[in-house]
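Shown next, in structure tokens, is the structure this report addresses.
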Amino acid sequence: MLVNGRELFQAAKKGGYAVGAFNLNNMEIMQAIIEAAEEEKSPVFLQASQGGIKYAGIEYIVAMARAAAEKVSVPVALNLDHGTSFNQVVQCVRHGFSAVMIDGSQLPFEENIAITQKVVEIAHPSGVSVEAELGKIGGVEDDIVVDARDATFTDPKEAAEFAERTNVDALAIAIGTAHGVYKGEPKLDFKRLEEIAAATDVPLVLHGASGISDEQIRQAIPHGITKINIDTDLRIAFSQAIKDLLAEKPGEIDPRKILGPARDAMKEVARAKMRLFGSAGRA
Ligand code: G3H
Ligand code: ZN
């Protein structure tokens, strides 16, 4: 059974580790993540963006996630990643997601609060956790594009007020990460992270975590980061494995022989992240 995302946030906060949240849009990616979680004895968030849902179909995503959760002994939550509309959230709650993110970060502060409150109102009674976003994370995540010049870091005082007024289960913050592949070496604003963690008890979420050094990830977790989102690093492992396979065997036409090694490569990436985030062995 899929578990309420709140359980994972709370356990991670108490245990001082972060749970990996991995984006998926097909069966092989789902299997890679779920097998990694089972082998590492790690809780895990499976997550689908609006683009992922459009690509695979919401019924397939939910059915696969339920099947995956039944098969393993570790707690698994299914999260909507970067939902930008109330209707999208409602659709996911109705179909059986156990966690949702409402990303109102493009809206003015009061409007972000208002839409998040509305989502909390419908999600919590259904046993579904809510993650919101404050501050603007740069880069490209599917159909959400934030130019580096428009990215803004999270204000600690606003974060405290936002968490208090919305009663969200987790808050995604902007402290220097971006979605997609980094051009230069990203540097996290640890002073800001410390100030946010001092101002509010709400579990914090780090987006855009692919390509961030292990050292910075390790440093961020003790300051209340309880969920870490990874998409790009899985995409890179997936596509590189397929390129390598087809370079070596250009005549291969069996999808299983092309996608199988890609699944193995993604699984290794997910396992390494679970160990790095400290969630391995916590289930
Ligand atoms: O919401 C998804 C993540 O924030 C993806 O970040 O592009 O660094 O993997 P990433
Ligand atoms: Zn994100």
Side-chain angles (χ1 to χ4, degrees), residues 5 8-9 18-25 29-30 32-33 36 44-56 61 77-84 88-89 92 97 99-106 112 116 129-148 150-154 168 170-188 193 203-214 216-217 220-221 225-240 265-266 268-270 272-274 276-277:
L8 303 192
F9 288 124
V19 180
F22 302 93
N23 286 72
L24 56 92
N25 36 56
I29 308 176
M30 170 96 63
I33 302 162
V44 71
F45 280 94
L46 301 172
Q47 62 183 13
S49 65
Q50 295 177 157
I53 290 171
K54 209 150 103 196
Y55 173 81
I61 297 273
L78 175 62
N79 182 44
L80 163 66
D81 188 33
H82 291 285
T84 51
Q88 178 72 73
V89 167
C92 288
F97 277 59
V100 290
M101 175 189 190
I102 177 70
D103 179 356
S105 61
Q106 303 296 321
N112 191 358
T116 304
S129 63
V130 180
E131 171 187 340
E133 178 172 326
L134 189 64
K136 287 192 197 114
I137 297 163
V140 180
E141 174 74 18
D142 277 349
D143 47 357
I144 301 171
V145 181
V146 179
D147 191 276
D150 297 328
T152 38
F153 285 8
T154 307
V168 277
L171 186 63
I173 53 168
I175 54 165
T177 58
H179 292 122
V181 178
Y182 287 97
K183 289 196 187 89
E185 148 112 62
K187 291 249 181 310
L188 300 192
L193 173 59
L204 303 174
V205 182
L206 191 65
H207 282 243
S210 296
I212 301 286
S213 68
D214 289 3
Q216 291 192 83
I217 294 284
I221 294 170
I225 298 290
T226 57
K227 173 174 176 276
I228 301 183
N229 284 17
I230 298 288
D231 185 3
T232 301
D233 279 345
L234 291 187
R235 292 180 181 202
I236 293 171
F238 178 86
S239 50
Q240 193 56 52
M266 289 185 287
E268 284 319 306
V269 170
K273 298 288 181 194
M274 288 165 187
L276 173 65
F277 300 165

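Counting starts at 1 for both ligands and their atoms, following the listed order. Numbers here are sequence positions counted from 1.
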Inset, instruction - Output yes when the distance from some N or O of ligand 1 to some N or O of Ile230 is under 3.5 Å, and no in every other case. - result: no
Legend entry - ligand 1 versus Ala209: contacting region, heavy-atom distance under 4.0 Å: backbone
Legend entry - Donor-acceptor contact present, side-chain Gln216 to main-chain Pro186, <3.5 Å: yes
Legend entry - Test side-chain hydrogen bond (donor to acceptor under 3.5 Å, both in side chains) applied to His82 and Gln47, Gln88, His207, Glu131, the passing residue: His207
Inset, instruction - Measure Asn23 to ligand 1 on non-hydrogen atoms and call it side chain, backbone, both or neither using the 4.0 Å cut-off. - result: side chain
Inset, instruction - Could you tell me whether the side chain of Asn112 and the main chain of Gly104 form a donor-acceptor pair under 3.5 Å? - result: yes
Legend entry - Identity and separation of the nearest protein heavy atom to atom 7 (O) of ligand 1: Thr232 OG1, 2.6 Å
Inset, instruction - For the residue pair Leu80 and Ile53, establish whether any side-chain heavy-atom pair is separated by less than 4.5 Å. - result: yes
Inset, instruction - Provide, to 0.1 Å, the distance between atom 4 (O) of ligand 1 and the closest protein heavy atom, together with that atom's residue and name. - result: Gly208 N, 2.8 Å
Inset, instruction - Could you check atom 1 (O) of ligand 1 against the protein and tell me its nearest heavy-atom contact, residue, atom and distance included? - result: Asp81 OD2, 2.6 Å
Inset, instruction - Considering only non-hydrogen protein atoms, determine which one is nearest to atom 3 (C) of ligand 1 and report residue, atom name and distance to 0.1 Å. - result: Asn229 CB, 3.3 Å
Inset, instruction - Would you check if the side chain of Thr154 reaches a backbone N or O of Ala174 as a donor-acceptor pair within less than 3.5 Å? - result: yes
Legend entry - Element-labelled atoms of ligand 1 that are located less than 4.0 Å from some non-hydrogen atom of Gly180: 7 (O)
Legend entry - Nearest to the Zn ion (ligand 2) - the N/O/S atom of His207, by atom name: ND1
Inset, instruction - Please determine if Lys227 forms a cation-pi arrangement with Phe45, meaning its NZ or CZ atom is less than 6.0 Å from the six-membered ring centre and no more than 45° off the ring axis. - result: yes
Legend entry - Check: Thr226 side chain, Leu204 main-chain N or O, donor-acceptor pair, under 3.5 Å: yes
Inset, instruction - Check ligand 1 against His82 and write out every atom of the ligand that is under 4.0 Å from a heavy-atom position of the residue. - result: 1 (O)
Inset, instruction - Using a strict 4.0 Å cut-off to heavy atoms of His207, name the atoms of ligand 1 that fall inside it. - result: 1 (O), 4 (O)
Legend entry - side chain to side chain contact (heavy atoms under 4.5 Å, CB included) between Ile228 and Ile221, intermediate numbers included: CA-CA 9 Å; Ile228 301 183; Ile221 294 170; 4.1 Å; yes
